[in-house]
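First comes the structure, then the notes that go with it.
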Amino acid sequence: MRSRSTAFLVVCASLTMSLICLTVNAQSAEVAVTPPMGWNSWNHFAEKVTDADVRAAADTIVASGMRDAGYIYVNVDDSWEGDRDAQGNIHSNSKFPDMKALGDYVHSKGLKFGIYSSPGPKTCGGYEGSYGHEQQDANTYASWGVDFLKYDLCSYMDIMKLHAPQQDPQQALVLMQEAYRKMHEALLNTHRPIVYSLCQYGVGSVWEWGPQVGGNLWRTTDDIRDYYGSMALIGFSQAGLERFAGPGHWNDPDMLEIGNGGMNADQYRTQMSLWAILAAPLLAGNDLSKMDETTKSILINKEVIAVDQDKLGIQGSRIGPLQIWVKPLSDGSKAVALFNVVTDDEAEPLTLKFKDVGFTRPVHVRDLWAHKDLGLLHASYTVTVPQGGVVMLRVWQ
Ligand code: GLA
């Protein structure tokens, strides 16, 4: 590992009229070289999550083959926090008797351990946040073996209101950036590689400054919900953010809802495909211990995961007015997803013209959900896409 004291590199990029110099810490770039994959407790368990649930998730990630497919982080979201002691050290609550032991358990399975806090005095669930205890908390997390921190704005918004006169948005933004930078520096001081996940719902176009405050990923929107309208709105609204993503720093359209029951299999295949095209973090959010075979086959589609994890780290783009998306891959091929966004109608035939994704000669095509080569095709491919569903292809010359 490179020395931290010298591990700063300055990346300068000219952006419209101005020259912006981003100070990116090389430590940050060593983690999350591809979009982080794993599991997070929030979408299914919310505030009910316990130590036993997290251990069960770790067990199933291994037993189901998810770990070997790349799902490595096991992340405890909000509601683990207890009180601070007289020295100000944070303790977990009675649902989590021993965080160090939990971290050790997760590590013993060949997995990594994630945790959650807020720059404000309270988290979104009203638990103890890190405000005024940033370095102390970072040190505690490091002593528990934490490898990933989700840092959720929540009650820091009250601090911003309090300290930004007349609620000046520019000043409020600077305060927020300072709060995120402060925890980044505290994490660096622990000398432990910790993925830093910013969660402030996209406020102030976080994608433009996330790397400057040390973020490896940043939520771009409000919370996802387990129904098609929410997932589709969030996923498809990522169009235009592609230039802000790359190795070590990713747009995060929130966690997966696959297997939580509010969508059908076609719609969940849409989430998996779209998130892969977007090079988004893939954090499963279901109860893994009760996962059925369909859910497993969606989460563990290795051909789709390979698109997400491609080492070029390019976030895909939408082409044309229809929901056809394309992502260039490191072997010269392209992943192309054709989405049928009409949910109250018939399955729809959609046509992909290969020239629209940059291929002028006949192409080889593979269907990544059917796991089938479609042979050498000329000019175009027309396929019937189920309502709310997707056909995802790999195309090469
Ligand atoms: C916010 C976040 C969610 C989750 C909850 C926990 O709403 O956006 O992802 O972490 O807080 O309270």
Side-chain angles (χ1 to χ4, degrees), residues 32 35-51 53-54 57 73-83 90 92-93 95-96 99 113-131 137 141 146-160 176 179-180 183 194-207 210 213 215-227 229-231 233-235 237-238 241 250-260 262 271 275 278 280-288:
M37 292 177 65
W39 173 85
N40 172 293
S41 59
W42 186 255
N43 282 356
H44 177 79
F45 292 97
E47 291 181 33
K48 294 199 181 78
V49 67
T50 64
D51 175 282
D53 296 326
V54 178
Y73 290 94
V74 172
N75 296 349
V76 183
D77 206 280
D78 203 0
S79 84
W80 64 266
E81 308 88 338
D83 296 326
I90 184 90
S92 48
N93 60 37
K95 295 189 296 147
F96 289 89
M99 289 304 255
F113 183 44
I115 209 167
Y116 167 100
S117 190
S118 169
K122 294 285 172 203
T123 67
C124 293
Y127 297 82
E128 190 69 18
S130 293
Y131 185 61
D137 284 359
Y141 304 154
V146 163
D147 307 295
F148 185 115
L149 173 67
K150 174 175 169 183
Y151 207 43
D152 194 351
L153 190 63
C154 310
S155 69
Y156 194 80
M157 278 189 269
D158 300 335
I159 306 284
M160 286 154 61
M176 190 194 335
Y180 276 99
M183 182 51 96
I194 297 178
V195 174
Y196 189 32
S197 163
L198 316 186
C199 178
Q200 45 76 282
Y201 340 114
V203 172
S205 303
V206 61
W207 41 87
V213 299
N216 299 115
L217 58 156
W218 45 81
R219 280 270 299 279
T220 53
T221 69
D222 216 336
D223 292 15
I224 197 165
R225 300 272 179 254
D226 185 22
Y227 63 92
S230 167
M231 181 276 291
L233 181 68
I234 287 178
S237 73
Q238 303 303 298
L241 297 186
W250 309 100
N251 290 309
D252 174 11
D254 209 355
M255 299 171 290
L256 302 175
E257 290 285 9
I258 296 161
N260 278 334
Q271 186 177 25
W275 266 233
L278 292 170
L282 296 178
L283 293 171
N286 55 320
D287 181 355
L288 299 179

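As the structure lists them, so they are numbered: ligands from 1, and atoms in each ligand from 1.
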* To do: Please work out whether the ring planes of Tyr151 and Tyr180 are parallel, tilted or perpendicular, with thresholds of 30° and 60°.
  => perpendicular
* Do Asn93 and Trp80 meet the criterion of a side-chain donor-acceptor pair at a distance under 3.5 Å? -> no
* Give a yes-or-no answer on whether the side chains of Thr123 and Asp78 include a donor-acceptor pair shorter than 3.5 Å. => yes
* **Non-neighbouring partners of Asp287 that pass side-chain hydrogen bond (donor to acceptor under 3.5 Å, both in side chains), sequence neighbours left out** => Ser289, Lys290
* To do: Report all protein residues having a heavy-atom distance below 4.0 Å to some atom of ligand 1; order the list by chain, then number.
  => Trp42, Asp77, Asp78, Tyr116, Cys124, Gly125, Lys150, Asp152, Cys199, Tyr201, Arg219, Asp223
* To do: Run the salt-bridge test on Asp254 and Arg219 with the 4.0 Å N-O cut-off and return the result as yes or no.
  => yes
* Check whether any side-chain N or O of Ser155 sits under 3.5 Å from a backbone N or O of Lys122 as a donor-acceptor pair, and report yes or no. => yes
